[in-house]
Peer 1: 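Can you read through this structure? Questions will come right after.
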There are 2 protein chains.
Amino acid sequence: MLSEQPIQSIRKTIQGYEKEDKAYIAVDCIIFGFDLNEEELKILLVQRDFEPQKGEWSLMGGFLKKDENLDEAAARVLYQLTGLYDIYMEQLGVFSEIDRDPADRTVSIAYYALINIIDHNQEMVDHHSAQWFNLSEIPRLIFDHNKMVNSAIQRLQYKASVQPIGFELLPEKFTMRHLQKLYEAILQRELDKRNFTKKINALDILIKLDEKDKESSKKGSFLYTFDKEKYLQKRAEGFVFKI
Amino acid sequence: MLSEQPIQSIRKTIQGYEKEDKAYIAVDCIIFGFDLNEEELKILLVQRDFEPQKGEWSLMGGFLKKDENLDEAAARVLYQLTGLYDIYMEQLGVFSEIDRDPADRTVSIAYYALINIIDHNQEMVDHHSAQWFNLSEIPRLIFDHNKMVNSAIQRLQYKASVQPIGFELLPEKFTMRHLQKLYEAILQRELDKRNFTKKINALDILIKLDEKDKESSKKGSFLYTFDKEKYLQKRAEGFVFKI
DNA sequence: TCAAAAGTGTTCACCGTACACCCATGG
DNA sequence: CCATGGGTGTACGGTGAACACTTTTGA
């Protein structure tokens, strides 16, 4: 009898999954952007436009569907809010307190994402009543979302010091000052201009362009691009990025 | 009508959780132990004693229950196999490929744990047909468990270099040689005895005992204990552990 | 007395950090 | 011509890595 059943149903029967509890699985995204004008690191939050907790701020989220894995779910959620594909994104961890969502048992997987702030689709952001907040001005969020945000900031600080992910937050062309201010915003401390430049140049993964950015000064400052090919090549040879 | 309902059911109705998919949530544990005699780092695997995949090796696991969070579930699973409470344990990440478990959609959260190998309850281990494997001799495991193991080894290497978690793997009293061999096993490279001793002593978080361990040599080597209080004190003052 | 492991210092290269002045330009 | 930000070099202390010989003692 047993041997006539397809494998899947045998396993189900034997392991007794039916007796186990199921839960909803959510994905919540901490979306970072760097505002070049204000020289501030920001995160994108959505405002709930329905009861209950209407008007409260929250991370953008969604539920895991049958036909996708978590990375796909997170990418989908990010697309819904920003209109962007191929965003840099990393899983942060799981938040599973029993009553974290009072509506129903929901386990949430937090992701953080880095986007170039000027790329996002403003209409889609407006449609979700979303808004950018400075790290120092994050409001109270629903559920355990503040915990997620703090965890994301910590992770970003670590990751940015050990992998060149900072460039995900900058436009294609940027100045040394932009880069330094970005790292200052991430690490939340001031850096010495001479030492920073020296270190970045020593890494030898930027291309100095012939163009200057005249926005910020009369003299103008040289623009750079991140040489991803060169970085990948070097990394394959054992080079480790460290700031 | 709506306003008469309790909050929870309002939220459920509005958010439409019912339309979302649920999934089973599993916890799988990578249990590390350090064999002092063989000077080898090992992990504890269980052998499935039921069909299908009978005889195949697997991580110890279980399902998340309604009335516990993931840390509690992992602690429960660890207790079931080792008889130990209060084990050092950390969440690794989520594994969510759609068909990772062919029986049913199951998202698994991997945890790694560090135990003192001589503390565990041998009867409980035998009862689960569990066995210790050297890191270099890990067999093929079911599902995506090999991926989890690799991820755990990487995480352990990082974490051990940045937090004094190595002591979780050693008995109360240990020699410098034990400690060095442990770090060599974790980092998978040889360390210089003089530099290692110097570094550890400079950290100033061990207590040198008057006792000697005569097992390993005629001369005997001094025993040490980890001074957790002192470490916590120093950490509170900004000290950072680094090996 | 000898084999086997324990214990112990020095040197050098490199890296991180502190620190200040001249340059180019538009208004 | 001057105010503003851009761009650059040096000196020092600390840390990581390489390296070898003496001590102890049980068999």
Side-chain angles (χ1 to χ4, degrees), chain A residues 36-39 157-158 160-162 170 173-225 234 238-243, chain B residues 36-39 157-158 160-162 170 173-225 234 238-243:
Chain A
L36 283 177
N37 299 317
E38 295 183 31
E39 298 183 338
Q157 288 183 346
Y158 164 65
S161 74
V162 129
L170 292 173
K173 302 173 181 182
F174 51 86
T175 66
M176 271 291 171
R177 183 190 174 91
H178 290 151
L179 189 59
Q180 181 179 343
K181 290 295 166 187
L182 168 62
Y183 272 92
E184 289 182 348
I186 292 174
L187 303 174
Q188 298 184 32
R189 64 191 165 93
E190 301 210 331
L191 302 171
D192 180 86
K193 184 171 54 158
R194 284 162 292 187
N195 292 337
F196 184 79
T197 311
K198 212 188 314 169
K199 200 176 221 168
I200 295 293
N201 284 331
L203 291 174
D204 187 31
I205 51 176
L206 293 191
I207 299 170
K208 187 175 188 169
L209 304 177
D210 282 330
E211 275 173 271
K212 281 193 165 191
D213 170 43
K214 308 281 275 186
E215 298 277 308
S216 60
S217 77
K218 294 160 183 174
K219 186 176 176 179
S221 51
F222 280 105
L223 288 165
Y224 294 80
T225 40
K234 289 187 143 214
F239 162 85
V240 285
F241 178 94
K242 192 86 195 67
I243 279 199
Chain B
L36 283 179
N37 299 316
E38 295 184 29
E39 297 182 337
Q157 287 182 347
Y158 165 65
S161 74
V162 129
L170 292 173
K173 301 173 181 182
F174 51 85
T175 66
M176 269 293 171
R177 184 191 173 89
H178 290 151
L179 189 60
Q180 181 179 343
K181 291 295 165 186
L182 167 62
Y183 272 93
E184 288 182 350
I186 293 175
L187 303 175
Q188 299 185 31
R189 64 192 166 94
E190 302 210 331
L191 302 172
D192 180 86
K193 183 170 55 156
R194 285 160 292 188
N195 291 337
F196 183 79
T197 310
K198 212 187 316 169
K199 201 175 222 169
I200 296 292
N201 285 332
L203 292 174
D204 187 30
I205 52 175
L206 293 191
I207 299 170
K208 186 176 190 169
L209 304 176
D210 283 331
E211 274 173 89
K212 280 194 165 191
D213 170 44
K214 308 281 277 187
E215 298 278 308
S216 60
S217 77
K218 294 158 185 177
K219 187 176 177 180
S221 51
F222 280 104
L223 288 165
Y224 293 81
T225 41
K234 289 188 141 211
F239 161 85
V240 284
F241 178 93
K242 191 85 195 68
I243 279 199

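These figures come from a predicted structure and were not determined experimentally.
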Peer 1: If I take atom CD1 in residue B:Ile243 and atom C1' in nucleotide D:dT15, what distance separates them, rounded to the nearest angstrom?
Peer 2: 15 Å
Peer 1: Roughly, in whole Å, what's the span from CZ in B:Phe241 to P in D:dT15?
Peer 2: 16 Å
Peer 1: Mind running side chain to side chain contact (heavy atoms under 4.5 Å, CB included) on A:Glu39 and A:Glu184 for me, showing each step along the way?
Peer 2: CA-CA 9 Å; A:Glu39 298 183 338; A:Glu184 289 182 348; over 6 Å; no
Peer 1: Could you run through nucleotides 11-16 of chain C and give me one letter per nucleotide, 5' to 3': B if any protein heavy atom sits under 4.0 Å from the base, S if only the sugar-phosphate is that close, - if neither?
Peer 2: ------
Peer 1: Find which nucleotide of DNA chain C each of A:Asp192 and B:Asp192 is nearest to by heavy atoms, and output the residue with the more 5' nucleotide.
Peer 2: B:Asp192
Peer 1: Identify the residue among A:Leu179, A:Ile205, A:Leu170, A:Leu206 that makes a side chain to side chain contact (heavy atoms under 4.5 Å, CB included) with A:Tyr224.
Peer 2: A:Leu206
Peer 1: Quickly work out the B:Asn201 CG to D:dG16 C1' distance and round it to whole Å.
Peer 2: 16 Å
Peer 1: Step by step, would you call A:Lys242 with A:Val240 a side chain to side chain contact (heavy atoms under 4.5 Å, CB included)?
Peer 2: CA-CA 6 Å; A:Lys242 192 86 195 67; A:Val240 285; 5.6 Å; no
Peer 1: Dump the intermediate steps for side chain to side chain contact (heavy atoms under 4.5 Å, CB included) on B:Gln157 and B:Gln188, then the final yes or no.
Peer 2: CA-CA 9 Å; B:Gln157 287 182 347; B:Gln188 299 185 31; 3.5 Å; yes
Peer 1: Over how many whole Å does the gap from B:Glu190 atom CD to D:dA18 atom C1' extend?
Peer 2: 15 Å
Peer 1: If I take atom OG from residue A:Ser221 and atom CZ from residue A:Arg177, how far apart are they, to the nearest 0.5 angstrom?
Peer 2: 9.0 Å
Peer 1: What protein N or O atoms touch nucleotides 3-7 of chain D N or O atoms at under 3.5 angstrom, if any, and at what distances?
Peer 2:
from: D:dG6; atom 1: N3; to: A:Lys219; atom 2: NZ; distance (Å): 3.4
from: D:dG7; atom 1: OP1; to: A:Phe222; atom 2: N; distance (Å): 3.0
from: D:dG7; atom 1: N7; to: A:Lys193; atom 2: NZ; distance (Å): 2.7
from: D:dG7; atom 1: O6; to: A:Lys193; atom 2: NZ; distance (Å): 2.9

Peer 1: So which one's nearest nucleotide on DNA chain D is more toward 5', B:Arg194 or A:Thr197?
Peer 2: A:Thr197
Peer 1: What's the CD1-C1' distance between B:Ile200 and D:dG16, to the nearest Å?
Peer 2: 14 Å
Peer 1: Any donor and acceptor pair, going by atom type alone, linking the side chain of A:Lys193 with main-chain N or O of A:Gln180 inside 3.5 Å?
Peer 2: no
Peer 1: Apply side chain to side chain contact (heavy atoms under 4.5 Å, CB included) to B:Asp192 and B:Lys198, showing your working.
Peer 2: CA-CA 10 Å; B:Asp192 180 86; B:Lys198 212 187 316 169; over 6 Å; no
Peer 1: What's the spacing between A:Tyr158 OH and A:Leu187 CG if we round to 0.5 Å?
Peer 2: 13.5 Å
Peer 1: If a pair satisfies salt bridge (Lys or Arg N to Asp or Glu O under 4.0 Å) and one of its residues is in residues 206-220 of chain B, list it, with sequence neighbours excluded.
Peer 2: B:Lys173-B:Glu211
Peer 1: Measure CG/B:Asp213 against P/D:dT24 and give the value in whole Å, please.
Peer 2: 18 Å
